[in-house]
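Report on the structure given below.
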Amino acid sequence: MLEASIIALFALLGVITMRVVGFGIAPFLSPVALIFFIPPVAVVTTIFVGTLSCAIILFQARHHSVVIPKVVARILLAALPGLLIGSYIVTRIDKALLQIFVGILVIVAVLIQEYALPRPTRPLGVTRGISLSGFLSGLLNATAANGAPPMAMWLRTHTSTPDQVRQNIAAMFIVVNLCSLTAIHYMRPQTFNHQVAATFALLVPVVIIGNAIGTMIMKKVNVKLYEKLVVVAIILTGLVSICFGIVSKV
């Protein structure tokens, strides 16, 4: 009972963060899930929760959608080779060192973007950097479970609205997560067991409640505060990646 309560609490915090910012489930849920489950089960559980959260975001926005299909399609095409290459190299290098490197890189990159680069002026669309963003997102998703920052940072190079960031990240991660689940099922079908099903069933109402709370908070967040929250969320994912790497080396 205590185990379920802890998992539910951190899943709730992750879902609220995702509804407000557009991403952020993994930094909350993954570390706790890894305490109680073997890595494949923890990853699949996190992916299921994230996919459901993304689906709810898009469902709520169905009447005022600002998803740009060309953007999502281009990022997906670029992410697929990143996923394949990441799946290959992660079994051949020290994953702990990779997680530390990725975490440091993410934090440095977002700080440079926030404080050293000029403010964006171009509208959101299929622009320079989209393929690199998609590739890195797929690569980092496969190697360090940290695929959101490249997408978020690329979106921040445009005059995009908070809803554009939330909805386009949600659409992108639904398709990428489905690809990841397919790959996991093909490579390790035993991962999809009763433990995953029972945990996900427990977390479905948590996702719904967290989304409702996040929606209420989101309505009180103005654009300036939202931009700061995105930076904080990206830095948080980097710190979690570094901590994972350090713990793995101990």
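If you read the sequence from its start, that first residue is 1, and numbering goes on from there. None of the values given here were measured: they were computed from a predicted structure.
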Give a yes or no on whether the backbone of [Y] and the side-chain of [X] come within a donor-acceptor separation of less than 3.5 Å.
X: S241; Y: T237; answer: no
X: S133; Y: P150; answer: yes
X: T159; Y: R122; answer: yes
X: T157; Y: W154; answer: yes
X: S53; Y: V49; answer: yes

[atom1] of [X] to [atom2] of [Y]: how many Å apart, nearest 0.5 Å?
X: M218; Y: R166; atom1: CE; atom2: CZ; answer: 5.0 Å
X: L229; Y: I234; atom1: CG; atom2: CD1; answer: 11.0 Å
X: L12; Y: I7; atom1: CG; atom2: CD1; answer: 13.5 Å
X: L203; Y: T199; atom1: CG; atom2: OG1; answer: 6.5 Å
X: I25; Y: I47; atom1: CD1; atom2: CD1; answer: 11.5 Å
X: M216; Y: N211; atom1: CE; atom2: CG; answer: 10.0 Å

*Around atom CZ of R128, are there more than 12 heavy atoms of other residues, nucleotides or ligands at under 6.0 Å?*
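Check fails, neighbour count at 12 or below.
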*Using a cut-off of 6.0 Å, state whether more than 12 heavy atoms not belonging to R156 lie near its atom CZ.*
yes
*In one Ile/Leu/Val/Met/Phe/Trp/Tyr side-chain cluster, 4.5 Å: V204, I209*: yes
*asked:* Would you say F23 ends up clustered with I217 if hydrophobic residues are merged whenever their side chains have heavy atoms under 4.5 Å apart, either directly or through other cluster members?
replied: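 In one cluster with I217: F23, yes.
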*Does F200 reach the side chain of V44, with side-chain heavy atoms less than 4.5 Å apart?*
no
Determine the minimum heavy-atom distance between [X] and [Y], stating which atoms define it.
X: V15; Y: G210; answer: CG1-C, 3.6 Å
X: A170; Y: I57; answer: CB-CG2, 4.2 Å
X: V71; Y: I130; answer: O-CD1, 3.8 Å

*Do E114 and K228 meet the salt-bridge criterion of a basic N to acidic O distance under 4.0 Å?*
yes
*Please identify each residue that fulfils ring-ring contact (aromatic ring centres under 6.0 Å, His included) with Y226, with sequence neighbours left out.*
none
*Looking at residues at least two apart in the chain, or sitting in another chain, which of them share a ring-ring contact (aromatic ring centres under 6.0 Å, His included) with F36?*
none
*Please assess Q60 against R19 for the test side-chain hydrogen bond (donor to acceptor under 3.5 Å, both in side chains), listing each intermediate value before the final yes or no.*
CA-CA 11 Å; Q60 289 179 320; R19 186 66 186 99; 3.0 Å; yes
